[in-house]
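Submitted below is the structure of interest, expressed as C-alpha cells.
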Amino acid sequence: MKLYKGLLLLISIFMLIGRTSWGQPPCPDFSERRVASSFHSTLMIDHEGKVLVWGDGAMWNWTSGNTFILTPSELPTSSFLGTPRAVAAGSVGGGSATTFTHQMFLLTTQALYGWGQNNGGTINHNDVTSSSYASIRTLTLPQITIGGVSQAMQASDIAFIEASGGGIAIVTKLSSENSGRTNGEVYIRNGGNTAFGSELGGGGSKWIYGDGQSANMTTMDAVWHQVRINTSTPLTNVARLSYAPKALMALTINNEVYVWGERVRLGNNIPAGTYGNYNYATLVNLPAGISAITDININTRSSWQTGTGTGQNPNPDRCAVMFILAGGKLYGLGDGIKGVLGQGNETTQNNWVIVKGPSGGTTELDNIVQISSNNAWTYAQNNSTTHQYCAIGALRSDGQLFLWGENSRGMLGRPNSSNTFYSLPTVPPNFSVNNAKVGYFHMGGHTTIAFLQGSNRFCYIGHLVRGSMGNGINGDSDRESFDCINTPDAHLCTPPPPIGCADPSANDLIASANSAVLVINGQPSVTFWGEASSSAEPGVNVSVSKILYEYNGVPRGVAASSVGTSGTENTQMWILTDLGIWGWGFSANTVNSQVNGEVGMTQLSVLPA
C-alpha cells in the first residue's frame with residue numbers, strides 16, 4: 001500500500017528507543033555477578049551502575065505492610081557507600097505479602113551489605129535468635145591473617161560473593177590479584193535460625209561451614225567460618241563457587257573441584273552406591289581426560305523427610321546433583337529425580353555422565369557456555385517427593401537456551417501440569433520456533449529470566465506473583481511461555497542508540513486489523529498494540545504500544561486482519577523479514593496448520609515453492 005504523510009506522523013510517534021535483539025553482540029563481562037534471583041525476587045546492577053530490585057520481599061527499608069516491590073526500583077545511593085560491584089540473593093521459603101523469607105546482598109568497592117530475612121544473624125549478627133526482618137546494613141567482614149597479624153578483611157579483598165538458603169559466601173581475590181593479601185579463600189556465614197523448623201533454617205546444618213563442624217542447625221551461629229580441606233589447611237585458589245542450601249562446590253585455578261556439605265558425591269562411585277556428608281572441602285574425582293573446567297553448579301534441596309520433626313531421616317528421593325562444564329560439554333552426577341541429570345530418565349548416577357542432547361540416545365549437549373539452576377533457595381515439605389523444584393538450564397554459544405528438570409510453575413517455558421518434568425534438555429517452544437538469541441540467563445526459585453543479546457529487554461517464565469516479573473502487577477499466576485513484551489526495560493547492557501525512522505518503501509510499513517495495529521519503524525523494528533494482539537499471551541489485549549522481539553531478520557513488511565466485533569475480536573498478525581514469515585493471534589489453521597484457535601508467535605515452516 002502507499003504510505004501517506006499522515007501515517008508518517010503516526011509512525012514517528014512510536015519511535016523505538018532500543019534496537020531489536022536478534023543478531024546483536026552478547027552482553028559483556030559477567031566476571032562479577034550483576035543479576036541474582038531468589039524465590040520470587042531479583043536484584044540487578046544495570047549498565048549505569050544503578051542497583052535495581054523488584055519482587056517478593058525486596059524492600060530494603062521495610063517497617064510494616066507489604067514487603068514486595070512491583071516494578072524495578074533503584075536502591076538509593078544514600079543507603080550504601082562505594083560503587084556497586086556484584087549482587088547475590090537467597091531465600092528460606094516461598095514468602096508472603098507481609099513476611100520476609102528472602103535475603104539480598106550487595107558488594108561495593110567499600111563494603112558488603114545485606115537486607116531481608118535475618119535467619120538467626122546472617123545479616124544482623126547482633127540478633128542471633130531472630131527470624132525477623134533486617135533493613136539494609138553493612139555486614140562485618142571476617143578477619144584475615146597477613147604476615148602473622150590478624151586484621152579485618154577489606155571489600156577490596158573480595159573477588160565475588162554467592163548466596164543461598166539463608167547464607168552468604170565470600171571468595172577472596174587470588175594472590176596475584178591482591179599483592180598477596182589473600183589467595184582465593186572461602187568464608188561462609190549462615191545463622192540457620194530454628195524458627196524455620198528442622199527442614200528449613202538456611203543450610204540446615206554445620207556441614208556447610210566446611211571447617212570440620214557437623215552438628216545440626218540448632219547449634220549454628222552467625223560468625224564467619226573459613227572453609228578448609230583439613231584441620232589446619234584452608235581451601236585456596238578458588239576461582240568459582242556454587243552455593244546450594246545443603247552443600248557447596250568450588251573450582252580452583254588448578255582445575256580441581258571440591259565439595260562439602262550434605263548428600264554429595266565424589267565421582268568414581270565414591271562413596272559406593274550412595275552419597276556422603278563432608279564437613280571439610282573434599283576433592284572430587286573428575287572424568288578421565290577432561291579439559292579445563294569453565295563452570296560448576298550444585299543443587300541440593302533441604303531435608304525432605306520421611307516423617308515430621310527434628311531428627312527424621314532425609315527422604316532418599318530428594319534432589320542432590322552436581323554439574324561441571326568442560327570443553328563445552330556438561331557432566332552431571334547425583335540423584336536423577338525429575339530427570340535433572342538430562343539422561344532421559346530419573347536414574348541416580350554415582351559416576352559422571354554427559355548431559356544428552358534434546359533427542360536423547362547417543363547425542364550430547366555441546367558448545368555450552370553458561371549454566372544456572374534454582375539452587376539459591378530452600379523449601380521443604382514433610383513426607384513429600386512430589387515437588388522437588390529441581391531444574392537446570394544451559395546456554396549454547398549460539399545463544400540457544402536449553403532447560404530441563406521439574407517444570408515448577410512453568411519455569412521451563414512449558415504448560416505446568418501436576419508433577420511435570422523433562423528428563424532431556426528442551427528449548428522453550430516460543431524460542432525454538434524463533435531462534436531467539438540469549439546473552440545471559442538466571443534461574444530463581446521457580447522462575448527463569450533470560451536477557452536477550454544486545455537488548456535492554458529480559459524475557460520471563462515461571463511463577464508470576466508479587467511483582468516477580470517487574471511488570472507492576474500484584475497477582476498470582478503462571479507465565480508458561482517466555483514473555484518478552486510485558487517485562488520492564490532493565491538495561492543490563494548499554495542499549496545502542498536509536499537510528500531513526502525507516503524510509504518508506506514498496507513494502508507495507510503499517511497494518512491495521514479492526515482494533516489492532518502493527519508498525520515497522522526506527523531500526524527498522526516493529527511495535528504493536530490493540531485488541532487480542534499480544535504475541536506473548538495469545539488473545540490478550542495490548543493497551544499501549546509494545547516492541548516486538550520474537551522474530552529473526554530485518555523487518556520487510558507487516559499485515560493484520562480480524563474477525564468478530566469490538567470486544568470479542570479474533571486478531572491475526574503477520575511480519576515478513578528477510579529470513580521468513582512469522583504470525584500470531586487467531587489461527588484458522590493458518591498461523592499454525594495444526595491449530596484452529598489462539599497461538600503465540602510462530603514461524604511458518606512451509607513457504608510456497
Side-chain angles (χ1 to χ4, degrees), residues 88 90-92 122 162-171 186-190 192 198-217 220 225-229 235 238 240-252 256-267 270-271 274-286 295-305 314-324 331-337 340-341 348-350 352 371-380 388-392 405:
S91 69
V92 290
T122 300
E162 293 286 350
S164 179
I168 175 72
I170 287 172
V171 179
V186 181
Y187 296 84
I188 308 287
R189 186 157 115 176
N190 191 321
S198 59
E199 294 180 297
L200 296 177
S205 79
K206 284 188 175 180
W207 295 98
I208 63 166
Y209 289 155
D211 62 354
Q213 301 186 63
S214 54
N216 63 36
M217 59 165 286
M220 293 180 78
H225 294 262
Q226 184 175 6
V227 178
R228 302 178 181 276
I229 61 175
L235 176 63
V238 172
R240 295 191 70 86
L241 186 75
S242 183
Y243 191 172
K246 287 289 186 176
L248 291 92
M249 188 177 186
L251 170 67
T252 74
E256 295 177 327
V257 174
Y258 289 84
V259 293
W260 62 98
E262 294 185 17
R263 291 183 63 87
V264 297
R265 291 169 170 83
L266 304 182
I270 301 174
T274 184
Y275 57 84
N277 302 326
Y278 299 91
N279 55 9
Y280 285 115
T282 305
L283 192 63
V284 174
N285 297 284
L286 301 176
D295 206 355
I296 55 174
N297 191 276
I298 190 168
N299 196 350
T300 58
R301 283 284 140 301
S302 53
S303 297
W304 303 84
Q305 297 181 348
N315 192 307
D317 293 323
R318 71 186 177 110
C319 172
V321 291
M322 299 157 54
F323 293 92
I324 56 176
Y331 299 77
L333 176 69
D335 297 340
I337 190 159
V340 73
L341 291 178
T348 292
Q349 301 289 341
N350 216 36
W352 292 104
I371 54 177
S372 179
S373 74
N374 59 340
N375 64 354
W377 65 286
T378 176
Y379 189 79
Q388 298 292 298
Y389 304 114
C390 195
I392 189 167

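Every heavy atom of this structure was used, including side-chain atoms; hydrogens, water molecules and symmetry mates were not.
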Mind checking the CZ-OH spacing from R263 to Y278? Nearest 0.5 Å is all I need.
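Between R263 CZ and Y278 OH, I get 12.5 Å after rounding to 0.5 Å.
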Once rounded to the nearest 0.5 Å, what's the spacing between atom CG of L341 and atom OG1 of T348?
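One finds 7.5 Å between CG of L341 and OG1 of T348.
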Any residue meeting side chain to side chain donor-acceptor pair (under 3.5 Å) with Y187, in chain and number order, not counting sequence neighbours
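Scan of Y187 (side chain to side chain donor-acceptor pair (under 3.5 Å), adjacent residues dropped) gives none.
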Would you call I337 and C390 a side-chain contact if the rule is heavy atoms closer than 4.5 Å?
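Result no, sub-4.5 Å side-chain heavy-atom pair not found.
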Locate the shortest heavy-atom distance separating A169 from L241; write the atom from each residue and the value.
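Looking at all heavy atoms of both residues, the shortest contact is CB-CD2, 3.7 Å.
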Search all heavy atoms of N299 against all heavy atoms of A391 and return the closest pair with its distance.
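That would be ND2-O, 3.9 Å.
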Go through the steps for D211 and Q226 under the test side chain to side chain contact (heavy atoms under 4.5 Å, CB included), then give the verdict.
CA-CA 6 Å; D211 62 354; Q226 184 175 6; over 6 Å; no
Approximate separation, where rounding is to 0.5 Å, of W352 CH2 and N285 CG
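With rounding to 0.5 Å, CH2 (W352) is 10.0 Å from CG (N285).
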Do the side chains of I324 and M322 get nearer than 4.5 Å, heavy atoms only?
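With C-beta onward as the side chain, the pair stays apart.
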Y275 vs N350 side-chain heavy atoms within contact, under 4.5 Å
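No, too far: nothing below the 4.5 Å cut-off.
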Flag side-chain contact, heavy atom, 4.5 Å: I298 against I296
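They are not in side-chain contact.
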Just so I know, are the side chains of E256 and L283 near enough to count as touching, which here means a heavy-atom distance under 4.5 Å?
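Yes - at least one pair of side-chain heavy atoms lies under 4.5 Å apart.
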Would you say W207's side chain and N279's backbone share a donor-acceptor pair under 3.5 angstrom?
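It does not hold such a pair.
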Beyond-backbone contact of I188 with Y243, side-chain heavy atoms, under 4.5 angstrom
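The answer is yes, as the side chains (C-beta and beyond) meet within the 4.5 Å cut-off.
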Would you call R265 and D335 a side-chain contact if the rule is heavy atoms closer than 4.5 Å?
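SC-SC contact between R265 and D335 confirmed.
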Locate the shortest heavy-atom distance separating G90 from A163; write the atom from each residue and the value.
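Here G90 and A163 meet closest at N-CB, 4.2 Å.
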Measure the spacing between CG of L235 and CH2 of W260 and express it to the nearest 0.5 Å.
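The distance works out to 5.5 Å.
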Working to the nearest 0.5 angstrom, can you tell me the gap between S164 OG and N190 CG?
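Those atoms lie 8.5 Å apart.
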Calculate, to the nearest 0.5 Å, the distance between atoms CD and CG belonging to Q349 and L333 respectively.
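Those atoms lie 8.5 Å apart.
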Could I get the full list of side chain to side chain donor-acceptor pair (under 3.5 Å) partners for Y280, not counting sequence neighbours?
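Partners of Y280 by the side chain to side chain donor-acceptor pair (under 3.5 Å) criterion, ordered by chain and then number, come out as T231.
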Out of T282, V284, T252, which residue meets the side-chain contact (heavy atoms from CB on, under 4.5 Å) rule with Y258?
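Answer after filtering T282, V284, T252: T252.
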